[in-house]
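Everything below concerns the one structure shown next.
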Amino acid sequence: MNILDRLKSGITTSSVEATYQVACELAAQLPDEAVLTLEGDLGAGKTTFVKGLAQAWDIQEAVTSPTFNIYNLYQGTRQLAHMDAYRLEKSPEIWDELMLEELIFPPFCLAIEWPSKLPFIPWPITHRLQLTAQGETRTISLT
């Protein structure tokens, strides 16, 4: 069963490394320009999942949560734009204010944590992921 089919059913992980592996598998299947949304409670593993994407694309820089920066850009075999919308207002001008369109170049992946905080996303969404945590286990699902 391929990664997309497995994610539709939900994949449960019990370690950071296992979450990285799921992200690496998905990274191999993403088109050149991809937009992923990652929804889930605090501590559900959203940033950990993005770290797995970075690992798949040989990004050497340490990936950190962009909560206060709003987004971080990383370069490896692909460009990764990691956005955390948790602190954003639902302003229709937000995309112009962020100037993200001017900073991301193909091949890229835009990974957006807390997409529900945005009024809209100006690109087609490739995959919507839901992450949940229960104790030490995480479940990652396509919605």
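Numbers here simply count residues along the sequence, with the first being 1. This structure is a prediction, so every number in the text was calculated from the model and none was measured.
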Between G52 and C24, the two heavy atoms sitting closest are O-SG, 3.4 Å
Side chains of N2 and Q29: does their closest heavy-atom pair fall under 4.5 Å? no
Following the transitive rule for hydrophobic clusters with a side-chain heavy-atom cut-off under 4.5 Å over Ile, Leu, Val, Met, Phe, Trp and Tyr, establish whether L4 and M1 coincide in one cluster. no
Could you go through the side-chain contact (heavy atoms from CB on, under 4.5 Å) check for E61 and N72 one step at a time? CA-CA 11 Å; E61 188 178 346; N72 294 327; over 6 Å; no
Tell me, with the steps shown, if L73 and I104 meet side-chain contact (heavy atoms from CB on, under 4.5 Å). CA-CA 8 Å; L73 297 174; I104 54 177; 4.0 Å; yes
Quick one: is the NZ or CZ of K117 closer than 6.0 Å to the six-membered ring centre of Y86, and within 45° of its axis? yes
Taking the six-membered ring for Trp, are W95 and W123 parallel (under 30°), tilted (30 to 60°) or perpendicular (over 60°)? perpendicular
Can you get from L30 to I112 by hopping between Ile, Leu, Val, Met, Phe, Trp and Tyr side chains that sit under 4.5 Å apart? no
Nearest heavy-atom neighbours spanning E113 and T47: OE2-OG1, 2.7 Å
When rounded to the nearest 0.5 angstrom, what distance separates CG in L36 from NZ in K46? 14.0 Å
Smallest heavy-atom separation, R6 atom then E25 atom, equals NH1-OE1, 2.7 Å
Taking all heavy atoms of Y71 and all of L98, pick out the closest pair and write down the distance. OH-O, 2.9 Å
Any chain of hydrophobic side-chain contacts (each under 4.5 Å) joining Y74 to F68? no
Under a single-linkage definition using a 4.5 Å side-chain heavy-atom cutoff for Ile, Leu, Val, Met, Phe, Trp and Tyr, are L131 and L26 assigned to the same hydrophobic cluster? yes
Heavy-atom distance under 4.5 Å between the side chains of E136 and S14, does that happen here? no
Do L53 and V63 make a side-chain contact, defined as non-hydrogen atoms from C-beta onward lying under 4.5 Å apart? no
Run the numbers on T13 and Q21 for side-chain contact (heavy atoms from CB on, under 4.5 Å), then give the verdict. CA-CA 9 Å; T13 64; Q21 182 59 40; over 6 Å; no
Please confirm whether the backbone N or O of I70 pairs with a side-chain atom of R87, one donor and one acceptor, at under 3.5 Å? no
Measuring from Q134:CD to T139:OG1, what's the distance to the nearest 0.5 Å? 8.0 Å
At what distance, to the nearest 0.5 angstrom, does CG of L142 lie from CZ of R128? 11.0 Å
With a cut-off of 6.0 Å (strictly less than), are more than 12 heavy atoms of other residues, nucleotides or ligands near CD of E97? yes
Single-linkage hydrophobic cluster V22~L38, side-chain heavy atoms < 4.5 angstrom: yes
At what distance, to the nearest 0.5 angstrom, does CH2 of W57 lie from CD of Q79? 11.0 Å
Of the non-hydrogen atoms in R138 and A133, which two are nearest, and what is the gap between them? NH1-CB, 3.4 Å
Closest non-hydrogen atom pair, L110 against F108: N-CD1, 3.8 Å
Euclidean distance, M83 CE relative to N69 CG, rounded to 0.5 Å: 12.0 Å
CG of L80 to CD1 of I59, rounded to nearest 0.5 Å, is 4.5 Å
